[in-house]
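Single-structure report; data block below.
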Amino acid sequence: MKLYSTKNREALTNLKHAVLKGLPDDNGLFMPLEIPRLPSEFLEHLSDFSFQEIAFTICKTLFKEVIPDSDLQAIIRDAVNFPAPVVKLDDEKYILELFHGPSLAFKDFGARFMAQLMSYFNQGESRELVILVATSGDTGGAVAAGFLQTPGTKVVILYPSGQVSMLQEKQLTTLGHNIVALEVKGTFDDCQAMVKQAFLDKELSGRIRLTSANSINISRLIPQTFYYFEAFKQLPKDNRDVVFCVPSGNFGNLTAGLMAHRMGLPVHYFIAATNANDVVPAYLDSGIFSPRPSVRTLSNAMDVGDPSNFARMVDLQEGKEEGSTWNNMQELISGYAFDDEQTRKGLAEVYRKYNYVIDPHGAVGFLALEQYQRHHPDTKGVILETAHPSKFLDEVERILNVKVAVPSRLAILAEREKKTVPMSTKFDGFKRWLLDNIA
Ligand SMILES: *Cc1c(COP(=O)(O)O)cnc(C)c1O
């Protein structure tokens, strides 16, 4: 398997390098040079395959011979170890629940698979791989759970003290084993600056094998293609066209859907659903992409003003002529945006009509699908439910006026004891700690 940088199609690299490095030196994004169609006997008999078998077929086709079959099976067994069930709302609307992993959000799929691949590619190295992550809450939880007890890896998380929710903090600070949480007396930006400086520090990179668990690592995107096939497999076989509706922020999830389409997923159309941060819906309408600072909303995991995966979306639809990238994109994707007031109404509507508790991100998806289906009835729409509603407990309970159950895997964390290393925002102290405790 070969990968190129979205900023330079000539500079090719291999999967191991792309996974361990995360980002190309030119600040582009790694993309597979070829996204082959999956074998037709697989596509025609999807329902005969388990979720793990689907994942295996995709990796095998994409990776070619990079990883031997038995190793690949072991990686997938450890990475894809929770389900992605489809729930029916009515004949036209379905929900794909992506929150059955340890941190209750779809990012668990990407984080677990990345952990397994990094650990695999680090085998035979004498030094363990140290993953540095700065988090404002959610990403750190998914990464920590994904790497927990993964051989040859250690995760060092920096988070701003007092600025994450109680349960988020417990997700970062109670796991133990190979996960260490540094509680920084500063902001998320301070944490991020410390991590960035660590990567630039020659002494640190000479003594510690450092890597980042960046959200745009290609190994986080690949496993997100698995569940599009897994969802398709569970839909009833009728004559309706299938439409996937993706609540989007950085557009990794939608990009994975476009890759699945390229691999032969028989999907008719995609819907990009956003909150007030609507630069992609605006592009789909106008052909003009104008990133701008993000604004805060209720569906805060989608508060992104300059989505990095847009470069990958463009690459997947690149046309030969001027303007044709936009046309190609319009033939496959429509965008809709909704404000917080509409999101609250959508959330309440789903509960009233279907007795289903959806989270604010999924509610944005529901509204977008509803709008699309006004002009395209008789389609089969699948909304990607990206997080469990209990992650947004206060807001959801206030809107619905009902109690929302917190899944036990999250609730038990509340009882666990928090363990952190207090840290100032001074880089020298952080560096000293790394050299004394990690090197
Ligand atoms: C990260 C996240 C999103 C946005 O996903 P992208 O792949 O960045 O578009 C949507 N919903 C939830 C709950 C998330 O955590």
Side-chain angles (χ1 to χ4, degrees), residues 29 84 95-114 133 135-143 145-146 164-165 167-168 171 213-228 244-260 270-281 283 291 294 296-313 316 333 335-338 343 346-347 357-368 383-393 395-396 410:
L29 301 178
I95 304 255
L96 170 60
E97 293 185 344
L98 297 174
F99 54 68
H100 292 274
S103 82
L104 312 193
F106 80 91
K107 290 187 176 70
D108 285 326
F109 284 100
R112 290 192 80 81
F113 191 76
M114 174 168 63
V133 213
T135 185
S136 55
D138 268 353
T139 305
V143 170
V164 302
S165 76
L167 280 178
Q168 279 177 335
Q171 285 185 302
N214 208 300
S215 69
I216 47 205
N217 193 304
I218 188 71
S219 64
R220 287 178 64 166
L221 216 51
I222 292 164
Q224 292 176 222
T225 63
F226 306 163
Y227 49 68
Y228 283 92
F244 277 98
C245 179
V246 190
S248 296
N250 218 8
F251 282 81
N253 227 350
L254 185 70
T255 303
L258 297 174
M259 286 169 64
F270 290 93
I271 301 168
T274 73
N275 55 33
N277 297 283
D278 65 348
V279 298
V280 171
Y283 165 81
S294 65
R296 285 187 76 114
T297 75
L298 186 59
S299 46
N300 54 39
M302 311 201 298
D303 294 349
V304 181
D306 186 3
S308 26
N309 283 296
F310 185 71
R312 284 180 167 138
M313 291 170 66
L316 283 165
I333 316 166
Y336 301 97
F338 302 91
T343 305
L347 204 146
V357 180
I358 203 163
D359 94 295
H361 304 78
V364 171
F366 173 80
L367 291 166
I383 302 155
L384 274 60
E385 171 58 322
T386 49
H388 190 278
S390 69
K391 289 198 90 165
F392 308 91
L393 201 61
E395 190 68 44
V396 173
L410 190 60

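Numbering of ligands and ligand atoms starts at 1, following listing order. The model shown is predicted, which means the values in this text are computed figures rather than measured ones.
Taking 4.5 Å as the limit, every side-chain heavy atom of Thr297 sits out of range of all side-chain heavy atoms of Met302.
No hydrogens or angles considered: a donor-acceptor pair under 3.5 Å links the side chains of Asn309 and Arg312. For the 3.5 Å distance criterion, the side chains of Asn275 and Ser299 qualify, holding a donor opposite an acceptor.
A heavy-atom cutoff of 4.0 Å around ligand 1 is satisfied by the protein residues Phe106, Lys107, Pro247, Ser248, Gly249, Asn250, Phe251, Gly252, Asn253, Ala301, Met302, His361, Thr386, Ala387.
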For residues 244-251, please give each side-chain donor-acceptor pair under 3.5 Å, one per line with the distance, not counting sequence neighbours.
residue: Ser248; atom: OG; partner: Val246; partner atom: O; Å: 2.8
residue: Asn250; atom: OD1; partner: Ser308; partner atom: N; Å: 2.7
residue: Asn250; atom: OD1; partner: Ser308; partner atom: OG; Å: 2.9
residue: Asn250; atom: ND2; partner: Ser308; partner atom: OG; Å: 3.0

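Ring-plane geometry between Tyr227 and Phe106 is classed as perpendicular, the angle between the planes exceeding 60 degrees on a 0 to 90 degree scale with a lower cut at 30.
No donor-acceptor distance shorter than 3.5 angstrom exists from the side chain of Lys391 to the backbone of Gln168, with no hydrogens or angles considered.
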